[in-house]
**Q** 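Mind having a look at this structure? Questions to follow.
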Amino acid sequence: MENTKKKGLLDRLKSSRVLRVMFGRKIIVVCAVLILVMVLVAIFAPVIAPYDPNKDDLYNVLKGCSAEHWLGTDSNGRDVLSRIIYGARVSFTVGLVAVLISSVIGMALGLISGVAGGVVDSVIMRIMDAMMAVPMLILALFLGAILGQGLFNVCLAIGISMVPQYARITRGQVLSVRNADYVTAGTLCGASRVRNTLVHVFPNCLSANIVTMTASLGGAILAEANLSFLGMGISPPTASWGAMVSGGYKYLSNQPVIAIAPGIAIMIVVLCFNMCGDALRDALDPKLRGTLGNGSKKRRKATKGV
Amino acid sequence: MSEKEKLLKIQDLSVEYDTEISTVYAVNGLDMELGYGETLGLVGETGAGKTSTALSIIQLLPEGIGFVTSGSIQLDGVDMLNTPEETIRKMRGSTVSMIFQDPMSALNPVMTVGAQIMEVLKIHHPEQSRAQLEARVDEMMELVGIPAKRKTEYPHQFSGGMKQRIVIAVALACEPKLILADEPTTALDVTIQAQMLGLINDLQKRLNTAMILITHDLGVVAQTCEKVMVMYAGEAIEYGTAEDIFETDQRHPYTQGLFNAIPKLNEECDRLEAIEGMMADPTQKPKGCRFADRCKYATAECRAQQPMRQVGPTHYIRCRLFDPMQSAR
Amino acid sequence: MPNLLKMIGKRIVQSCITILLVTLFVFFLIQLVPGNPVANYLGASATPEQIEYYTHLYGYDRPVIVQYLSWIGGLFRGTMGQSISYQSEIADILLPRLMVTLSMVVPAFIIGTVTGVLLGIVSALNRGKWLDSVISFFANIGVSMPMFWLGMMGMLVLGLRLHWLPTSGYVPMERDFGQWLSHMIMPILVMSLGVNAGFLRLTRSSMLEVIRQDYVTTARAKGVPKNAIIMKHQLRNSLIPIVTVMGSRLGTMVGSTVLIENLFVIPGLGSVMMNGISSRDFMLVANGVLVISIFVALCNLMVDILYGIIDPRTR
Amino acid sequence: MKKISRRNFLKAAGLAMAAVGLTACGSSSSSSTAASAGGAASAAPTSGPKMGGTLRFAYGSPIATPGYTPRASGNAAVFYLNLAYDNLFTYDVDGNRVPRLATEWVFDEAEPSITWTLREGVQFADGEPFNAEAVKANIEEYQANNRTEVANIASCEVIDDTHIKMVLAQVNSSTLESVGFFVYYMSPKAIANPSSLDAGTCGTGPFQLSEFENNAYAIYTRNDNYWEEGKPYLDSVEITVISEPTTMSTAFQAGEYDIISVGDMSPMIKQELTGAGIYIEERNTNGVGIETVGLIPNSAIDSPWADARVRRAMCYAIDMDAINAAFMMGTAQLTDQWAVPGAVTYNDELTHFTYNPERAKELLAEAGYADGFDTKINAISSLSDMMTAIGNMLTEVGIRCQINQVDAATQNQLMLEGTWEGLMPHYATVSPDLGLYMGRHLDANGAYYAPGIQHPEKEMELLEAIRGCVDETEKHELEKELQAAIYDAETGSCLFGRPLFINSASSFKYDYVIDDFSRMSFSASWDLSGCWLNL
């Protein structure tokens, strides 16, 4: 036991059950590596991308795949591959910022609602109910129309439309720990309500929220694509995968690669986030512990045993 | 006793669990015998391997995770480890049945209690008519002290004690030869505990059923069991009749520790004596006495493999402190 | 049973409050959207006099709260108000379109749910085996694709290249059922795939969770055969969390009709909402959201009832 | 008229019809080529027209009110209205007026008034006779609806069944077109009961509406009371509204429609359809009622754009050949003023803009913006690719553009209020009557973009002169003078920025669809009365 204290952070992470469980599955490792690669691609886009993503070449538009342009060029003669590489920036930004906005607002509302209770709780939760009664896409569309286009506005629209789920989860968690002994103990020790909430209640809401956050990263990226398709996405010329797919729709029958390639990029990123989100949920869920045995290794024993 | 008379015979049983991150050695080389109608108390702290032992007897170790890695289990003359699943399935409920720790979750929430009793009867007595089976359901319910008319209700409509009665009714419905009772009273409050133990004991006697009672409560064992086995970290460390364990000065240091942890009314005592330290890491294969790390008598010798030593006619202890010769009274 | 009725009653009251809030919310929020319905209807060449005339005609010159109250008042009198961009009573626009949308959403939902639950069961029962991996992999891909992109790919392959199905358009069911079906297959399949994948994952994890429940072990200890355990003990309990999310899934589906109907040119609620937003026909949009939220509330109510049937604890 | 010829909201609306012309093959003259029709289509069929059948027509724009004509607005409406209704006259392929419900008309400048002689023996679909009373009822109905087309009519005097005199409030050379072309006549019985027109029609056209789902589909069936002998040939026309050109072309190629017509069809699609060889493109080359797309700076608010040199710099900085090559496969017809090249109002003598970034930089420096300045281009999504390319060109010379993508409604609002910042796409109907069409934009009281631009005296005086001038030749001279005042590369005020190209609406059909394109004129709308299926 004492040994753990001496171990470095990295060792502790390695010994962390959650991470070991998660990365015990090869496919999750693959997904995590893919995400990492994409993040690196996004960060180092200027180094990696073969062309300037916004550089027109008006006499060289809609060319198919070639040695110069691996994925061809789009309606403005821009290199599709370079735009996909830069598009990763937008997708990750939207994913992160939207999730951050929604989780911060949502968790705050959930905490207030759960801790305060009474009228405050009812008011907040009724508003959340009302927001949830409107399908998320329509809500985002609505907010998008109000806020106008632009990267941050799109993030905000998507973020706000995802607030209710965080508020609900957090409130549920708060209610389940509010009367736990250690919280009561905190109150008895004279901790202020705010302190008590932040120190004792809040950390217990985190794990459920972290799972939701991982899962909704993918959701936010899809939402951006959907808004782009409906003409409420990020303003051009910024390369965004969603906008590239909907822009490529016009050329579906002749140059389908313009629409297909960014769609596949979206799919891969969302897939990776979803898989990691699932794995994280499974790893954090005490109820699921033990169901994911790596039976293959010990199959010989099973035959002997049964 | 001759081999034939034994209901259950376990030899050198080892059980392992493979989890995502490690292998847990839950039971290590366990031997056990039980005659028809006998009651054995299986005592030990959480993680000692009691439940795993029971689950391997009824062959319900978690699929894909828990495996019997060595040994043999003979139940009512059937080799449980080398018999087709279908045969074993038919034995479950009729030859051997199990009562689980938590009556709250042991009953299917979406089936009426009557249907759950009926289910086990129907499986093992398909030849009987519906009316006969219904009658038997009523009988079982009355037997465990619940009015038969409540059989159309759902589990959530019963209190914890009532649910446990139903679980017992399910377990006993086909008059099995062996009941595995896994801490049947832990989840219940104390007043009901006594009732429940009385009920189980009573029914067991009436039906001449053998029972393995798993518990960490020595008091319960004293009340109900003829034989006691103390387990520690997957091994049996002491085995004997109730008298051997309760009325003797020869005890395994761990067993002694368990006794010391029980408050005694007739002695002045500022503080209960707890057993120092934590249980041995179950993910490590045992070497020597598993209790050595926590044992105040431990010496370098304890690091070697310790055999069971017979210290009385029916009393066995796995500890070098006791000389087998000396015990021949 | 009386408990169930009581619960339903309570739910109806709650839903009404929620819907009222939604209307309030939507009506006031929509005023913030830049753009003017009258100017949009008349086109940019409208004279100030014309704009004034129509603004007054449609009552847009009244304070927002008055407009809101008269809208709500109108609802109780059975009128949703006039759409400026469609030039007609809004109920006459929305209700037929709701039917079109439902004729797409309901089959898609049923197909998606049934196949999703079945595959989820298969996957859970074969957990750790290759079949499970294959199914889970496709389910994950299914939820990771942008729906409109999937639709495009369907159009490209099934319509443009193979000529198996029409690429888009809509034929009313009562005019020609075969034509209706051939136009709806692709949208329905695309929509059902998302639901299918979602339910598949949910069923799988729910089944796996139930497998480890004590009552399943109890059933095994009783000697219940494997199939009977699956059917009698696991499935019904696994369905509980699935039923719980059905309502919200249906709501999400209605939301995604905005994408599908625009892509496949289907005159349903989603496309009318989109038209309403782009033409700033506020009344139309507000009523559209109202219809959707009522639909979602009804779905949730049905879910509650279903829940009551499946789970005796809630009765 | 304002209503009608203005593009209203979405992408397609306008142009769908507008112009059938001109576009794809780059025919250069506005009125010389015969109307419509690529090769085989116009080849006369060997046998006579076949009766019957249903035409499946995919159309880019919806109409909200196909029945009650005073509420129908936007170019798209013309297509629907022509199927079920008639106007007094129409334009032929050369831009000449051709009688429809009126056989003759007299414009009296002195009174001022217009006297119409009406066609005899015409009946509405409900059997009501078409006569002077019916015309009067319709004009009054339009007036009751505040339609600007009829605003100049002070009163209507019924002379007899076939003669009606409209007394005008003031002389305006444009009123004849407003009243003769943009008013569609409904049966007086239907006017008395307007709800009958909610989802139906009652006019004198070749078809009448039988089934209608707003923004989805409209089914028209044969009007047995139609006044042209033997017509129409078709039993019915099924119109499906598809606003997305890709979807439409995809469905067309899959054989789901017999004919399609859309405003902003991508050149790529056009090329594909043309290249396939089995589809026939229809286009109208008379130049009547077509629209240009341009880029208009807001010169009314205080910004660099208030300086004409900056506006001229912008015009020099745009390489239209490159834009044409990239976005219109080099097939778009370009123009640099408020007219189609070759039209009577086109001034070929002014100094034309060429692509000259150096000159642009000089002009910017002259205006005091040697280091350039930051501005915006407000674009709706359908134009955003092209606007992005233009933005890059402007940025090259120092006009640093940020693309501000707005949706159509917001754009509409901006142009109505004149409050856009920087540049915005400018849609202009470039029919020959500048007094009417440019007036709407240039007049300080004009509705369209007018609050967003300056109104210099010289241009305003010319505009007034044109409006008051009835002599055609003299009017054309004044019009050319106005063109020079605004569009001359050396001295022009460039109030409307840079006209980019003539919008390329297109129709494509299968070769078995045969039509004489009766009434093919304004905005490519013909009435399908001469259409038949050679199946």
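Order of the sequence lines sets the chain letters (A, B, ...), proteins ahead of strands, with each chain counted from 1.
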**Q** Against chain A, label C/M274 side chain, backbone, both or neither, depending on which of its atoms sit under 4.5 Å from a heavy atom there.
**A**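 Just the side chain, heavy atoms under 4.5 Å.
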**Q** Quick check on the interface: out of C/I30, C/I17, C/T252, who has the most heavy-atom pairs with chain A under 4.5 Å?
**A**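 Top count of heavy-atom pairs under 4.5 Å with chain A: C/I30.
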**Q** Would you say C/W149's side chain and A/A259's backbone share a donor-acceptor pair under 3.5 angstrom?
**A** yes
**Q** Evaluate A/F229 against C/M147 for side chain to side chain contact (heavy atoms under 4.5 Å, CB included), listing each step before the verdict.
**A** CA-CA 10 Å; A/F229 178 70; C/M147 199 182 267; over 6 Å; no
**Q** Heavy-atom distance under 4.5 Å to chain A: side chain of C/I19, backbone, both or neither?
**A** neither
**Q** Any chance you could measure C/L32, atom CG, to A/I146, atom CD1, to the nearest 0.5 Å?
**A**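 CD1 of A/I146 is found 5.0 Å from CG of C/L32.
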**Q** In sequence, state the C-alpha distance, the side-chain angles, and the governing distance for C/M145 and A/I266, and then conclude on side chain to side chain contact (heavy atoms under 4.5 Å, CB included).
**A** CA-CA 7 Å; C/M145 279 186 287; A/I266 296 175; over 6 Å; no
**Q** Tell me, for A/L230 versus chain C, whether the close heavy atoms (under 4.5 Å) come from the side chain, the backbone, both or neither.
**A**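 Both parts, backbone and side chain.
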**Q** Quick one: which of A/I264, A/N226, A/D129, A/L137 has the most heavy-atom pairs under 4.5 Å with chain C, could you say?
**A** A/N226
**Q** May I have the step-by-step check of side chain to side chain contact (heavy atoms under 4.5 Å, CB included) for C/I277 and A/M232, ending in yes or no?
**A** CA-CA 11 Å; C/I277 290 175; A/M232 300 263 183; 3.9 Å; yes
**Q** Side chain from CB out, backbone as N, CA, C, O: work out which of these in A/V245 comes under 4.5 Å of a heavy atom of chain C, or both, or neither.
**A**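 Looking at A/V245, backbone and side chain both touch chain C.
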**Q** Extract all donor-acceptor atom pairs below 3.5 Å that involve side chains of residues 283-291 of chain C and protein atoms in other chains or at least two apart in sequence.
**A**
from	atom 1	to	atom 2	distance (Å)
C/N287	OD1	C/W71	NE1	2.8
C/N287	ND2	C/M80	O	3.0
C/N287	ND2	C/M283	O	2.8

**Q** Using a 4.5 angstrom heavy-atom cutoff, name the option from C/V26, C/L150, C/N300, C/N140 with the most pairs to chain A.
**A** C/N140
**Q** Is A/L271 close to chain C through its backbone or its side chain, or both, or neither, when contacts mean heavy atoms under 4.5 Å?
**A** both
**Q** Only counting residues at least two apart or in another chain, list the ones meeting ring-ring contact (aromatic ring centres under 6.0 Å, His included) with C/Y68.
**A** C/F27, C/F28
**Q** At a heavy-atom distance under 4.5 Å, which candidate from C/V296, C/L29, C/I294, C/I211 has the highest pair count against chain A?
**A**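 If we count pairs closer than 4.5 Å to chain A, C/L29 comes out on top.
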**Q** How many angstroms lie between OG in C/S136 and CE in A/M275, if you round to the nearest 0.5 Å?
**A** 8.0 Å
**Q** Going from CG on C/L20 to CZ on A/R126, what distance comes out if it is rounded to the nearest 0.5 angstrom?
**A**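 Separation between the atoms: 12.5 Å.
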**Q** Closest heavy-atom contact between C/G255 and A/P135?
**A** CA-CB, 3.5 Å
**Q** Select one option (side chain, backbone, both, neither) describing which atoms of C/M253 are under 4.5 Å from chain A's heavy atoms.
**A** neither
**Q** Could you state the interatomic distance from CD1 (A/I221) to OG (C/S144), rounded to the nearest 0.5 Å?
**A** 10.0 Å
**Q** Given that the side chain runs from C-beta out, which part of C/V33 has a heavy atom under 4.5 Å from chain A: side chain, backbone, both or neither?
**A** both
**Q** Quick one: pull up OG1 in C/T18 and CE in A/M128 and give me the separation to the nearest 0.5 Å.
**A** 12.0 Å
**Q** Please classify the contact between A/I260 and chain C as side chain, backbone, both or neither, with a heavy-atom cut-off of under 4.5 Å.
**A**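 Answer is both: backbone and side chain atoms of A/I260 are under 4.5 Å from chain C.
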